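Taking it in order: structure first as structure tokens, then the write-up.
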Amino acid sequence: MREFLANSMFFGVFLTLLAYCIGLFVQKKLKHMLFNPLLIAIILVIVALLMLDIDYDTYYDGAKYVSYLLTPATVCLAIPLYEQFELLKKNYKAVLCGIASGILTCLVSVFLLALLFRLDHATYVTLLPKSITTAIGMGISEELGGYVSITIAAIILSGILGNIFAASFCRLFKITEPIAVGVAIGTSSHAIGTTKALEIGAVEGAMSSLSIVVAGLLTVVGAPIFANFIA
Amino acid sequence: MKYIKQFAIITFISLIGEALNHLIPLPVPASIYGVVILFCCLEFKIIPLSAVKETGLFLVSIMQIMFIPATVGLIDTWDVFAPNWLAYTVIIILSTFMVMLISGKVTQGIIRLGKKKEAKKNA
């Protein structure tokens, strides 16, 4: 049985989709932010792999086809953005200042916390690109001499945090303008957060999509400068 | 047929993105070039929205699932994560929420400032 599953073409994809469907079902039944379909799916897949004693590489061999369309899907974030472009034009100053202040906050907060925890240079630069999309973050981390696998983990965890808590967090801190909610989600938790922003509303989704691009590019410029601050 | 055409256009733009990523020595991935290209094509009416809409929105709507395999992969990262796990955890959580707070508040503040000015003008 285990042998069969490990060699199956479809097991990884099926397990991923099944776990996500269970996640959606649980969320529908128990309406609480912690019952987040993405989080439930991730936990269920991990538990299933541990119980069936299947290692990650074997699972990923099949499941990678789920991620195969990630680049085309990201490209299509241009569609919600295009549909809300008039609104963006009217508010471009607020949006750009919001994203820039967010990225500055990311770099400064990582710097200060790194001082507090006495992190060395490599560990510090590993975390600098933590709030931007994975592909850009990996590149920056590699260039600055960070631990790329930890950068990926930090980026994904930031995304999941945003996906789960962003809606409640914005409500708690009275961030209610849809444009501001979108910028807050996209700047702090890139594409993984953006999928949540798109569920909240069209404006939120569009602004979050834009924030992925702008925040990514600003970090390309800002992270190398901040990298010099801890030798 | 419609969906095939739409998918062909989307994959072609992804392909151009890949080419730019290959040619330009910057840490900018294919997907980011692709977003910009598709957006410009739509905005400058090079392609109509109807040429990508349904397939594009379908891909966007299933995007969340695409993050599951990589995230499950974090179980293999634990060994490198463990020695500094407390620092990593605190920094990731604090920094994420601070970014959310500041970027949201700054955006909202500037929007409201603009609305107030407009209201004064109209008053």
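Convention: sequence-line order gives letters A, B, ...; per-chain numbering from 1. No experiment lies behind these values; they were computed from the predicted model shown.
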For residues 94-119 of chain A, which residue pairs pass the ring pair (Phe, Tyr, Trp, His ring centres under 6.0 Å) check, not counting sequence neighbours? F111(A)-F229(A)
Part of [X] lying under 4.5 Å from any heavy atom of chain B:
| X | result |
| --- | --- |
| L77(A) | both |
| L116(A) | neither |
| L112(A) | neither |
| I160(A) | side chain |
| L70(A) | both |
| V220(A) | side chain |

Please classify the contact of [X] with chain A as side chain, backbone, both or neither, using a heavy-atom distance under 4.5 Å.
| X | result |
| --- | --- |
| L42(B) | both |
| I13(B) | side chain |
| F7(B) | side chain |
| L101(B) | both |

Check every N and O of chain B against chain A and note each donor-acceptor pair under 3.5 Å, with its distance.
from    : atom 1 : to      : atom 2 : distance (Å)
K45(B)  : NZ     : Y82(A)  : OH     : 3.1
Q64(B)  : OE1    : Y20(A)  : OH     : 2.6
Q64(B)  : NE2    : T195(A) : OG1    : 3.0
M66(B)  : O      : S67(A)  : OG     : 3.1
P69(B)  : O      : Y56(A)  : OH     : 2.8
S95(B)  : OG     : S109(A) : OG     : 3.4
S95(B)  : OG     : K130(A) : NZ     : 3.1
T96(B)  : OG1    : K130(A) : NZ     : 3.2
T96(B)  : OG1    : S158(A) : OG     : 3.4
K105(B) : NZ     : F173(A) : O      : 2.7
Q108(B) : OE1    : T176(A) : N      : 2.7
Q108(B) : OE1    : E177(A) : N      : 3.0
Q108(B) : NE2    : K174(A) : O      : 2.9
R112(B) : NE     : E177(A) : OE2    : 3.4
R112(B) : NH2    : T176(A) : OG1    : 2.9
K115(B) : NZ     : E177(A) : OE1    : 3.3
K115(B) : NZ     : E177(A) : OE2    : 3.0

Residue selection (most heavy-atom pairs with chain A, distance under 4.5 Å) from G17(B), A70(B), A30(B): A70(B)
In terms of heavy-atom pairs under 4.5 Å, which option from V99(B), L49(B), V52(B), V106(B) contacts chain A the most? V99(B)
Drop me the distance from L113(A)'s CG to I93(B)'s CD1, to the nearest 0.5 angstrom. 11.5 Å
